[in-house]
2 protein chains.
Amino acid sequence: MTQPSNHIPNSSEHNHNKCVNEALITAERLCRERGVQLTPIRHKVLTLIWDSHKAVKAYELLDRLRPEQKTAKPATIYRTLDFLLEQGLIHRVESLNAFVGCHCSAYQHEQLLLICKYCEEVQERSAKGVMTALSHEAKQADFIVHSKAIEVHGTCAKCQKIQASQ
Amino acid sequence: MTQPSNHIPNSSEHNHNKCVNEALITAERLCRERGVQLTPIRHKVLTLIWDSHKAVKAYELLDRLRPEQKTAKPATIYRTLDFLLEQGLIHRVESLNAFVGCHCSAYQHEQLLLICKYCEEVQERSAKGVMTALSHEAKQADFIVHSKAIEVHGTCAKCQKIQASQ
DNA sequence: ATAATTAATGTGATAATATTGTCATTACCT
DNA sequence: AGGTAATGACAATATTATCACATTAATTAT
């Protein structure tokens, strides 16, 4: 198996169906391997999150889950999100209070998120250089790292082009 | 004036009164220079935020403001926080929905926040290496950066020592 | 197989965080 | 005096998140 490349949702060759299928197949495999249950609700929510590369909010998911899960309540969603986060199948975007599918769940790569303020799509980058620099900085501060949230807001390549052409 | 050093709230020589005074004097000067008003409420809220190096929540501030500002409402706090954020006098800690004083308001340094999960104190680091790596990564992705939130959760030096001695 | 255990979900209530809006009043600036 | 900025005094509402307890489903042990 090859290492994951940085994912560019907007690249012209991006086939979203393939993208989603791969993510779900990987999720299914990982859950099987780990002996945890990717139950129907969890599977459905993961699918809803993968519906686009935009970060999606909890209550937005709730609304979209309800048509086929009439009993869904906030707790339903938050529990499901907790599970998906624990399994590394999604990222929480702290600066948006929102969630986005993770491409790299099979790997331990820590990710950097590039968040476009126009199209709202979130791009993951493995960003080894950033992580190395960050580890170095933490070490200097004698700080033991447990988790990182590295979120960059700005304008993605696609939206730059759109703006340039207007 | 010298460049700001990375601030280590837990270092043994840390004198918090001095720390707060410096921050407030800097804030007063900056507001004067910029022609904006550090009104009594804004000054008070900034003082409350600087009360510790922990990130503090909006409604916590509201409770602490009320004894001497009976009329304070959520809008009061959020307006004030907006002002302090705009002026770069505080940071918003995205991953905690909370706020912390900024040491570097006089400089344009972008900061990295080290957040201890035990004592909850937040340490700022200017982290040039991280920022350089991040700019490089963004450039590679053809992404224009507007703002960054770099938040690292873990165990600070002081809490490591406490844990080791138990 | 069945009982016991653990995991997941249903359900209702509530807490915590944040935004918006209006209009009157007060403070500050020129 | 007139204009702008800030606050008071409401209020209302939106958004995000948690908790407790009952019930159901899945897994494990006997």
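In this text the structure is predicted, and so the values were computed from the model without any measurement. Below, read A as the first sequence line, B as the second, and so on, with proteins coming before strands; counting in each chain starts at 1.
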Trainee: Excluding sequence neighbours, so at least two apart, what forms side chain to side chain contact (heavy atoms under 4.5 Å, CB included) with B:Glu33?
Mentor: B:Arg29, B:Leu30

Trainee: Can you name the residues that form a side chain to side chain contact (heavy atoms under 4.5 Å, CB included) with A:Gln69, not counting sequence neighbours?
Mentor: A:Ile41, A:Leu65, A:Thr71, A:Ala72

Trainee: Taking only N/O atoms, report every protein-nucleotides 18-27 of chain C pair under 3.5 Å with atom names and distance.
Mentor:
residue, atom, partner, partner atom, Å
C:dA18, OP1, B:Arg92, NH1, 3.4
C:dA18, OP1, B:Arg92, NH2, 2.8
C:dA18, OP2, B:Tyr78, OH, 3.0
C:dA18, O5', B:Tyr78, OH, 3.3
C:dA18, N7, B:Tyr59, OH, 2.7
C:dA18, N6, B:Tyr59, OH, 3.4

Trainee: Using the heavy-atom set of chain A and a strict 4.0 Å cut-off, write down the first and last nucleotide of DNA chain D that makes it in, 5' to 3'.
Mentor: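 Counting from the 5' end, contacts occupy D:dT16 to D:dA26.
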
Trainee: Apply side chain to side chain contact (heavy atoms under 4.5 Å, CB included) to A:Ser147 and list each qualifying residue two or more places apart in sequence or on a separate chain.
Mentor: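 Testing A:Ser147 for side chain to side chain contact (heavy atoms under 4.5 Å, CB included), a comparison that skips the adjacent residues, returns B:His153.
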
Trainee: With sequence neighbours excluded, tell me which residues meet ring-ring contact (aromatic ring centres under 6.0 Å, His included) with A:His136.
Mentor: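 Expected list: none.
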
Trainee: Who passes side chain to side chain contact (heavy atoms under 4.5 Å, CB included) against A:Lys18, sequence neighbours left out?
Mentor: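 Residues passing side chain to side chain contact (heavy atoms under 4.5 Å, CB included) with A:Lys18: A:Asn15, A:Glu22.
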
Trainee: List for me each residue that meets side chain to side chain donor-acceptor pair (under 3.5 Å) alongside A:Asp63, sequence neighbours excluded, and say none if there are none.
Mentor: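 Testing A:Asp63 for side chain to side chain donor-acceptor pair (under 3.5 Å), a comparison that skips the adjacent residues, returns none.
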
Trainee: Which residues pass the side chain to side chain donor-acceptor pair (under 3.5 Å) test with A:Arg64, not counting sequence neighbours?
Mentor: A:Asp51

Trainee: Within this structure, what is the NE2-to-C1' distance between A:His43 and C:dT9, rounded to whole angstrom?
Mentor: 18 Å

Trainee: Any pair with a residue in residues 76-94 of chain B that passes salt bridge (charged side-chain N to carboxylate O under 4.0 Å, His left out), sequence neighbours left out, goes on the list, sorted by first then second residue, please.
Mentor: B:Arg92-B:Glu94

Trainee: Using five base pairs at each end, measure the axis-to-axis angle across the helix from C:dA1-D:dT30 to C:dT30-D:dA1 and round it to 10 degrees.
Mentor: 40°

Trainee: Could you work out the complete set of other residues in the hydrophobic cluster of B:Leu112, with links drawn between I, L, V, M, F, W and Y side chains under 4.5 Å apart?
Mentor: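 Joined to B:Leu112, directly or through intermediates: A:Leu112, A:Leu114, A:Val130, A:Met131, A:Leu134, A:Phe143, A:Val145, A:Ile150, A:Val152, B:Leu114, B:Val130, B:Met131, B:Leu134, B:Phe143, B:Val145, B:Ile150, B:Val152.
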
